[in-house]
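Below is one structure, written out as structure tokens; the observations come after it.
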Number of protein chains: 2
Amino acid sequence: MNSAQVRKDLSYLDPPGVRGVGYNVAALRELLRRELGLTRKYRVAIAGAGNMGTALTVYPGFVESGFEIVAVFDTDEQKIGMDIGGVKVASLDSLEQLSRASRATIGIIATPAEAAQAVADRFVAAGIRSILNFAPAVLEVREGVKVRRVDLTSELQILAYHLAVERD
Amino acid sequence: MNSAQVRKDLSYLDPPGVRGVGYNVAALRELLRRELGLTRKYRVAIAGAGNMGTALTVYPGFVESGFEIVAVFDTDEQKIGMDIGGVKVASLDSLEQLSRASRATIGIIATPAEAAQAVADRFVAAGIRSILNFAPAVLEVREGVKVRRVDLTSELQILAYHLAVERD
DNA sequence: TAGATTGTTAATCGATTAACAATC
DNA sequence: TAGATTGTTAATCGATTAACAATC
């Protein structure tokens with residue numbers, strides 16, 4: 001990536017630059033944050049309070065970046081009512097109701113693969129249009145709903161590929 | 001992606017195709033698996049036995065894809081000796097020794113951000129050349145070492161971007 | 001031969017980069 | 001004016017795709 005590329009990309013946003021002088025860095029930073037949608041707060045609901053769901057709930061990076069975990073769901077009676085990083089685990093039965101009530105706009109799926117599609121359907125029914133899926137499953141959702149999959153196996157396979165290439 | 005793209009890509013691998021007939025699917029599948037380095041087993045060491053490290057250790061997708069967790073490390077005396085999915089948690093002090101002894105080739109960092117760089121250095125010292133980093137930290141490693149970062153915050157930010165775009 | 005499908009060439013498309021005019 | 005740096009145009013580069021020859 002060179003300076004021409006940077007200038008070209010920035011030029012689409014009508015950046016706060018002055019020829020011969022430079023960019024106003026603070027203003028540029030704010031422009032980019034605004035343009036990338038990072039100036040707002042987002043409320044996140046997490047399905048699954050296992051190790052992965054718990055790790056995500058207490059992940060410090062989320063809060064720092066304006067993401068607030070507003071609900072955590074699980075089916076395990078033992079876990080319901082437990083406090084995880086300040087959030088009380090709720091029954092999966094209350095997913096639609098509580099997701100709506102807490103005005104979550106992003107749903108995270110940290111359930112076993114078998115439950116992932118049903119949870120996705122319920123998130124969508126609750127009005128959620130952005131889903132982050134950690135379960136090793138490919139989800140079908142209707143148009144207008146955005147799903148991102150964090151595919152842990154693929155990550156390792158990419159590293160394995162590089163090891164294989166090195167060896168040859 | 002269209003058929004021309006697929007044929008073009010496959011053509012680099014001298015695929016088992018016959019004009020007018022088609023590809024030998026089983027042979028093609030094996031060619032791709034071999035070419036992608038997916039036919040070998042890989043031994044993986046995990047640093048950090050918190051929620052994330054535990055989730056990764058018991059993640060069913062890894063075993064299915066030929067990745068074997070051979071060591072898990074933590075600093076917490078309470079955790080050392082504990083069994084997680086058939087692996088005994090070892091002291092972080094033994095990282096180099098045990099990583100070598102277990103012939104791990106991939107290291108996963110699931111520690112707090114503060115510890116990540118030191119752990120990476122020690123994985124490299126133990127001969128590991130591929131690292132998957134879940135800590136919210138950018139790692140410096142010498143040439144020849146491959147680091148992939150799973151950036152959970154970025155994943156949410158990408159979803160947030162799409163929400164922002166929809167709204168406009 | 002007619003129909004099908006791969007492998008490859010050439011055309012097209014889009015993204016990157018070099019160059020430079022427009023400024024301060 | 002000389003030096004610096006942005007914004008934009010045009011050239012270059014590389015990737016995708018259309019087209020078709022080579023087969024079975």
Side-chain angles (χ1 to χ4, degrees), chain A residues 1-39 130 132 138-141 143-151 153-168, chain B residues 1-39 130 132 138-141 143-151 153-168:
Chain A
M1 171 148 307
N2 60 21
S3 67
Q5 181 79 76
V6 172
R7 289 202 301 284
K8 182 113 243 246
D9 288 357
L10 291 180
S11 74
Y12 291 103
L13 306 176
D14 186 21
V18 182
R19 293 176 190 220
V21 176
Y23 293 101
N24 179 331
V25 175
L28 183 58
R29 186 184 136 87
E30 274 315 294
L31 172 64
L32 288 172
R33 281 178 47 79
R34 207 163 47 242
E35 206 65 42
L36 292 170
L38 268 30
T39 52
S130 286
L132 187 59
V138 176
L139 302 178
E140 303 277 347
V141 292
E143 189 161 328
V145 179
K146 181 89 190 166
V147 174
R148 281 187 69 80
R149 168 141 177 240
V150 176
D151 187 337
T153 300
S154 291
E155 298 292 336
L156 283 191
Q157 286 177 338
I158 291 165
L159 286 173
Y161 173 76
H162 285 286
L163 285 175
V165 170
E166 300 273 304
R167 191 170 37 232
D168 302 337
Chain B
M1 169 147 310
N2 61 23
S3 68
Q5 182 78 76
V6 172
R7 289 201 302 282
K8 182 113 242 244
D9 289 357
L10 291 181
S11 73
Y12 291 103
L13 306 177
D14 186 22
V18 181
R19 293 178 189 217
V21 176
Y23 293 101
N24 179 331
V25 175
L28 182 59
R29 187 185 137 88
E30 273 318 293
L31 171 64
L32 288 171
R33 281 178 48 81
R34 206 164 47 241
E35 207 65 41
L36 293 170
L38 267 29
T39 51
S130 285
L132 187 59
V138 177
L139 302 178
E140 304 277 346
V141 292
E143 188 160 329
V145 179
K146 182 87 192 167
V147 174
R148 281 187 68 81
R149 170 145 175 238
V150 176
D151 188 335
T153 300
S154 290
E155 298 293 336
L156 282 191
Q157 286 177 337
I158 291 165
L159 286 174
Y161 173 76
H162 284 285
L163 285 175
V165 169
E166 301 272 304
R167 190 171 36 233
D168 301 337

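What's counted below: heavy atoms across the whole structure, side chains too, no hydrogens, waters or symmetry copies. Throughout, a chain's letter reflects where its sequence line sits, starting with A, and its residues are numbered from 1.
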Requested in this report: Quickly work out the A/Gln5 CD to C/dA18 P distance and round it to whole Å.
Outcome: 11 Å

Query raised in the report: Which whole-number value in Å describes the distance from B/Lys8 NZ to C/dG7 C1'?
Result: 10 Å

Requested in this report: Specify the residue among A/Tyr12 and B/Gly22 whose closest nucleotide of DNA chain C lies further upstream toward the 5′ end.
Outcome: B/Gly22

Query raised in the report: Is a donor-acceptor pair below 3.5 Å formed from side chain A/Arg7 to base D/dG7, judging by atom type as modelled?
Result: yes

Report task. Using whole Å, report how far CZ of B/Arg19 lies from P of C/dT8. Result -> 6 Å

Query raised in the report: Can you tell me how far P of D/dT5 sits from CG of A/Leu10, to the nearest Å?
Result: 16 Å

Query raised in the report: Given that A/Met1 and A/Val18 both sit by DNA chain C, which one's nearest nucleotide is further toward the 5' end?
Result: A/Met1

Requested in this report: Please state how far atom CG in B/Asp9 lies from atom P in D/dA15, giving the value in whole angstrom units.
Outcome: 11 Å

Report task. List the atom of B/Ala164, the atom of A/Gly37, and the distance in Å for their closest heavy-atom pair. Result -> CB-CA, 4.0 Å

Query raised in the report: Taking a pair as Watson-Crick or G-U wobble with both distances under 3.5 Å, which nucleotide is matched to C/dT23?
Result: D/dA4

Query raised in the report: Counting only heavy atoms not in B/Tyr161, do more than 12 fall under 6.0 Å of its OH?
Result: no

**Report entry** Toward the 5' end of DNA chain D, by each residue's nearest nucleotide, B/Val21 or A/Pro16
**Finding:** A/Pro16

Query raised in the report: More than 12 non-hydrogen atoms from neighbouring residues, nucleotides or ligands closer than 6.0 Å to CG on A/Asp14, yes or no?
Result: no

Query raised in the report: Is B/Arg33 atom CZ crowded by more than 12 heavy atoms from other residues, nucleotides or ligands, each under 6.0 Å away?
Result: yes

**Report entry** Rounded distance (Å) that lies between atom C1' of C/dT8 and atom CG of B/Asp14
**Finding:** 14 Å

Query raised in the report: Can you check whether A/Asn2 has a side-chain N or O nearer than 4.0 Å to OP1 or OP2 of C/dT16?
Result: no

Query raised in the report: Hey, are the side chains of B/Leu28 and B/Leu13 touching, using non-hydrogen atoms and a 4.5 Å cut-off?
Result: no

Query raised in the report: Rounded to the nearest Å, what distance is computed from the CG atom of residue B/Leu13 to the C1' atom of nucleotide C/dT8?
Result: 15 Å

Query - D/dT16: pairing nucleotide in any strand, Watson-Crick or G-U under 3.5 angstrom - result: C/dA11

